[in-house]
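Structure, as structure tokens:
Just so we're clear, the structure is a prediction, and the values are computed from it rather than from any experiment. For the numbers below, each heavy atom of this structure counts, side chains included, while hydrogens, waters and symmetry mates do not.
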Amino acid sequence: MSPLFPLILLHITVAAAQLRPGHYSKTCPEAEFVVRDVMEKALIREPRSLASVMRFQFHDCFVNGCDASMLLDDTTTMLGEKLSLSNINSLRSYEVVDEAKEALEKVCPGVVSCADIIIMASRDAVALTGGPNWEVKLGRLDSLTASQEASDNIMPSPRANASLLIDLFGKFNLSVKDLVALSGSHSIGQGRCFSIMFRLYNQSGTGRPDPALEPKFREKLNKLCPLNVDQNATGDLDATPFVFDNQYFKDLVAGRGFLNSDQTLFTFPQTRKFVKQFSINQSEFFEAFVEGMIKMGDLQLEQPGEIRRNCRVANSRSVNTF
């Protein structure tokens with residue numbers, strides 16, 4: 001991690017005061033309905049896409065605040081975040097946000113930011129797959145640029161352990177409980193074999209599998225991800241990958257966490273108690289997850305912004321900037 005990392009974080013603030021529910025009630029009252037409609041169609045077309053879009057909020061907000069920087073394509077003068085270590089071959093379904101933006105531009109052009117679309121779409125992905133629904137705060141602006149380096153320096157690896165994750169989330173004023181609850185985003189979706197090969201065959205350089213893996217689950221993963229596998233092959237992150245529920249935590253308790261960064265939440269004392277609580281009480285998990293998503297959505301960096309016309313490209317002539 002870059003030595004500049006702590007300095008970057010000092011400038012990220014919780015800007016809840018400028019964000020509020022109903023921000024578009026007068027300028028674009030249909031905004032949330034439009035985004036929800038796009039997400040419903042995405043669910044029908046490709047259920048897995050909702051898990052991908054739901055994780056956009058984490059990948060966006062932790063890198064210079066919630067500003068849709070992760071959606072910008074590379075240019076001749078800028079390396080964006082799509083090819084960063086944590087995003088390349090991992091994040092997908094950008095086209096769903098494109099569809100939402102296109103639909104909104106027809107209804108109320110130049111009004112709704114891509115950053116707010118990410119927040120709304122993430123909420124909708126959870127609600128449409130069986131999870132909680134909540135009121136989102138809106139009013140963000142889109143960044144004028146992106147930084148692959150910033151993403152590489154900040155975003156954790158699938159190999160991360162609970163201690164590293166606690167430290168990372170703490171720098172954003174997110175608690176241990178927030179960390180565990182937000183990790184529950186892995187209640188839906190899939191992960192790549194690339195992310196778990198070391199767990200299966202060389203955990204911590206031992207030449208052995210991760211001892212935390214339940215034996216039958218390890219056998220299943222060995223078949224899914226043999227040594228000669230295409231490492232882009234995918235496996236389910238929990239036993240109910242299309243339903244947002246607390247099965248993820250039940251799997252961790254049973255030693256069936258897919259990623260090292262998941263299973264470590266149960267093997268580490270500070271996080272284990274929350275994993276146990278959420279595995280027993282789904283309502284408590286839902287409540288903590290919503291609280292964590294709202295707190296994460298408040299992360300902002302003081303910088304110029306705009307309302308992009310196209311989420312992949314900064315406006316050639318800035319509008320609504322400050």
* Structure fact -> When rounded to the nearest 0.5 Å, the distance separating CD of Gln303 from OG1 of Thr145 is 9.0 Å

* **Residue pair Ala115 / Cys66: nearest heavy atoms and the distance that separates them** => CB-O, 3.7 Å

* To do: Determine the minimum heavy-atom distance between Met293 and Ser122, stating which atoms define it.
  => CE-CB, 4.0 Å

* Under a 4.5 Å side-chain heavy-atom rule over Ile, Leu, Val, Met, Phe, Trp and Tyr, are Met54 and Phe286 clustered together? -> yes

* Is there a donor-acceptor pair closer than 3.5 Å between any side-chain N or O of Glu306 and the backbone N or O of Arg308? -> no

* To do: Determine, step by step, whether Asp60 and Asp67 satisfy the side-chain contact (heavy atoms from CB on, under 4.5 Å) criterion, reporting the C-alpha distance in whole Å, the side-chain angles of both residues, the deciding distance to 0.1 Å, and the verdict.
  => CA-CA 7 Å; Asp60 185 40; Asp67 61 0; 3.3 Å; yes

* Side-chain contact, heavy-atom cut-off 4.5 Å: Leu71 with Val97? -> yes

* Qualifying salt bridge (charged side-chain N to carboxylate O under 4.0 Å, His left out) pairs with a residue from residues 110-128, counting only residues at least two apart or across chains -> Glu32-Arg123, Arg36-Asp124, Asp116-Arg140

* Asked: Between Gln263 (side chain) and Ala212 (backbone), is there a donor-acceptor pair under 3.5 Å?
  -> no

* To do: Determine, using ring centers only, whether Phe266 and Phe249 are less than 6.0 Å apart.
  => no

* Residues two or more places apart in sequence or in another chain: which of them pass side-chain contact (heavy atoms from CB on, under 4.5 Å) with Phe58? -> Phe62, Met155, Pro156, Phe169, Met296

* Pairs satisfying side chain to side chain donor-acceptor pair (under 3.5 Å), at least one member in residues 179-206, at least two apart -> Arg48-Gln190, His186-Asp262, Ser187-Asp245, Gln190-Thr234, Gln190-Asp236, Arg192-Asn232, Arg199-Asp210, Tyr201-Asn222, Gln203-Asp210, Gln203-Asn260

* To do: Specify whether Phe244 and Phe285 have parallel, tilted or perpendicular ring planes, treating 30° as the upper limit for parallel and 60° as the lower limit for perpendicular.
  => parallel

* **Contact check, side chains of Val34 and Asp37, non-hydrogen atoms, under 4.5 Å** => no

* Structure fact -> Tracing side-chain contacts under 4.5 Å among Ile, Leu, Val, Met, Phe, Trp and Tyr outward from Phe33 reaches none

* Do Lys137 and Asp298 come within less than 4.5 Å of each other through their side chains, counting heavy atoms only? -> yes

* Find out whether Thr271 and Val176 are in side-chain contact, i.e. whether some heavy atom of one side chain is under 4.5 Å from a heavy atom of the other. => yes

* Would you say the side-chain atoms of Glu81 and Ser69 include a donor-acceptor pair closer than 3.5 Å? -> yes

* To do: Drop me the distance from Cys311's SG to Met70's CE, to the nearest 0.5 angstrom.
  => 10.0 Å

* **Verify same cluster id: Leu168, Leu299 (apolar side-chain graph, 4.5 Å)** => yes

* Asked: For Glu46, does the CD atom sit with more than 12 other heavy atoms under 6.0 Å from it, leaving out its own atoms?
  -> yes

* **Pair Arg45 + Glu95, salt bridge at N-O below 4.0 Å** => no

* To do: Answer yes or no: is there an ion pair linking Asp73 with Lys82, defined by an N-O contact shorter than 4.0 Å?
  => yes

* To do: Please answer whether the main-chain N or O of Ala160 pairs with a side-chain N or O of Ser261 as donor and acceptor at a distance below 3.5 Å.
  => no

* Asked: Just one of Val96, Val126, Leu43 clears the side chain to side chain contact (heavy atoms under 4.5 Å, CB included) bar with Leu50, so which one?
  -> Leu43

* Might you point out which heavy atoms bring Ala254 and Glu214 nearest each other, and give the distance in Å? => O-CB, 3.3 Å

* Asked: Do Asn246 side-chain atoms and Phe278 backbone N/O form a donor-acceptor pair below 3.5 Å?
  -> yes

* Asked: Counting only N and O atoms by type, is there a donor-acceptor contact under 3.5 Å from the side chain of Asp251 to the main-chain atoms of Ala239?
  -> yes

* **Glu30, CD: over 12 other non-hydrogen atoms inside 6.0 angstrom** => no

* Asked: What closest approach, in Å, do Leu179 and Ala162 show between heavy atoms, and which atom pair accounts for it?
  -> CD2-O, 4.5 Å

* Please report the C-alpha distance between Leu141 and Ser113 in whole Å, then the side-chain angles of each, then the deciding distance to 0.1 Å, and finally whether the side-chain contact (heavy atoms from CB on, under 4.5 Å) criterion is met. => CA-CA 6 Å; Leu141 290 173; Ser113 70; 5.6 Å; no

* Please answer whether the main-chain N or O of Glu149 pairs with a side-chain N or O of Asp152 as donor and acceptor at a distance below 3.5 Å. => no

* Pairs meeting criterion disulfide bond (SG atoms under 2.5 Å apart) with involvement of residues 143-214, two or more places apart -> Cys193-Cys225

* Asked: Heavy-atom distance under 4.5 Å between the side chains of Lys220 and Arg256, does that happen here?
  -> no

* How long is the gap from CD1 on Ile117 to CG on Leu104, to the nearest 0.5 Å? -> 5.0 Å

* Side chains of Phe242 and Ile188 in contact at under 4.5 Å (non-hydrogen atoms) -> no

* To do: Treating Ile, Leu, Val, Met, Phe, Trp and Tyr as nodes and any side-chain heavy-atom pair under 4.5 angstrom as an edge, say whether Leu72 and Ile118 lie in one connected cluster.
  => no

* Asked: Under the 4.5 Å side-chain heavy-atom rule for ILVMFWY, direct or indirect, which residues accompany Leu85?
  -> none

* Can you tell me how far CG of Leu265 sits from CZ of Phe274, rounded to the nearest 0.5 angstrom? -> 11.5 Å

* With side-chain contact (heavy atoms from CB on, under 4.5 Å) as the test, would you mind laying out the steps for Asn64 and Ser143 before giving the verdict? => CA-CA 9 Å; Asn64 294 331; Ser143 68; over 6 Å; no

* Asked: Where the side chain of Asp74 meets the backbone of Leu79, is there a donor-acceptor pair that is under 3.5 Å apart?
  -> no

* To do: Can you measure from CG (Leu224) to CZ (Phe217) and round to the nearest 0.5 angstrom?
  => 9.0 Å

* Hey, are Lys101 and Glu105 close enough for a salt bridge, meaning a charged N less than 4.0 Å from a carboxylate O? -> yes

* **Distance (rounded to the nearest 0.5 Å) between Phe56 CZ and Ile119 CD1** => 12.5 Å

* To do: Indicate yes or no for a side-chain donor-acceptor contact from Arg272 to the backbone of Thr267 under 3.5 Å, with no hydrogens or angles considered.
  => yes

* Taking atom CD of Glu102 as the centre, does the number of heavy atoms from other residues, nucleotides or ligands within less than 6.0 Å exceed 12? -> no

* Asked: Is Leu213 reachable from Phe194 through a run of I, L, V, M, F, W or Y residues, each pair having side-chain heavy atoms under 4.5 Å apart?
  -> no

* Asked: Is it the case that one hydrophobic cluster holds both Leu221 and Phe198, taking links as side-chain heavy atoms less than 4.5 Å apart, direct or via other members?
  -> no

* Where Asn133 and Ala127 come nearest, the two heavy atoms and their spacing -> OD1-CB, 3.8 Å

* Atom of Ser279, atom of Val253 and distance for their closest heavy-atom approach -> OG-CG2, 3.8 Å

* **Worked verdict on Ile196 versus Phe258 for side-chain contact (heavy atoms from CB on, under 4.5 Å)** => CA-CA 7 Å; Ile196 63 169; Phe258 187 82; 3.7 Å; yes

